[in-house]
Every structure is written in C-alpha cells, then in structure tokens.
Amino acid sequence: MSKNAKIAVGGVAVGLLLLIWLPWWAALLIVVGVPAAAYLTLDPAQRRRLRRVTRKELGR
C-alpha cells in the first residue's frame, strides 16, 4: 500500500471515530477546519508551490 493510501485510510478511520464520539457538526468542523487552518499557516510562496504541484498531478 502506498504512503498516500495509508494516509487516506487513517483519515477515514479518524473521521468515523469522530462521528461516533462527537455530534456530526463538531466532527465536520474538525474534518474541514484542520486542513483549512494548516493551509492558512503556509506562507504565500508555499501556497503557490502547493497549488502548482496539485495542478500538475491533476493533469496527469
């Protein structure tokens, strides 16, 4: 299994656990809020690089 697949499986598992232990709106807030907060902590050069890399991978 590739590294990205392992990360995806872990993310799904954490999301399901959050849905069990927390109300659905709190789990949704965490699942959406954590990546958004991480993106906002990047400086502008890192954001540009991230957008460029993801566009390249989408074009494959």
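The side chain to side chain donor-acceptor pair (under 3.5 Å) analysis of residues 2-29, with sequence neighbours excluded, yields no pairs. Applying the side chain to side chain donor-acceptor pair (under 3.5 Å) test to pairs two or more places apart or on separate chains, those with a residue in residues 32-42 are Tyr39-Arg51.
Val34 and Leu42 are assigned to two separate hydrophobic clusters, defined by single-linkage of ILVMFWY side chains at heavy-atom distances under 4.5 Å. In the hydrophobic clustering of ILVMFWY residues, with side-chain heavy atoms under 4.5 Å counting as a link, Leu18 and Leu28 come out apart.
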Q | side-chain contact (heavy atoms from CB on, under 4.5 Å) assessment of Leu22 paired with Ile30 | A | CA-CA 10 Å; Leu22 295 173; Ile30 292 170; 3.7 Å; yes
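Other residues, nucleotides and ligands place more than 12 heavy atoms under 6.0 Å from the CZ atom of Arg47.
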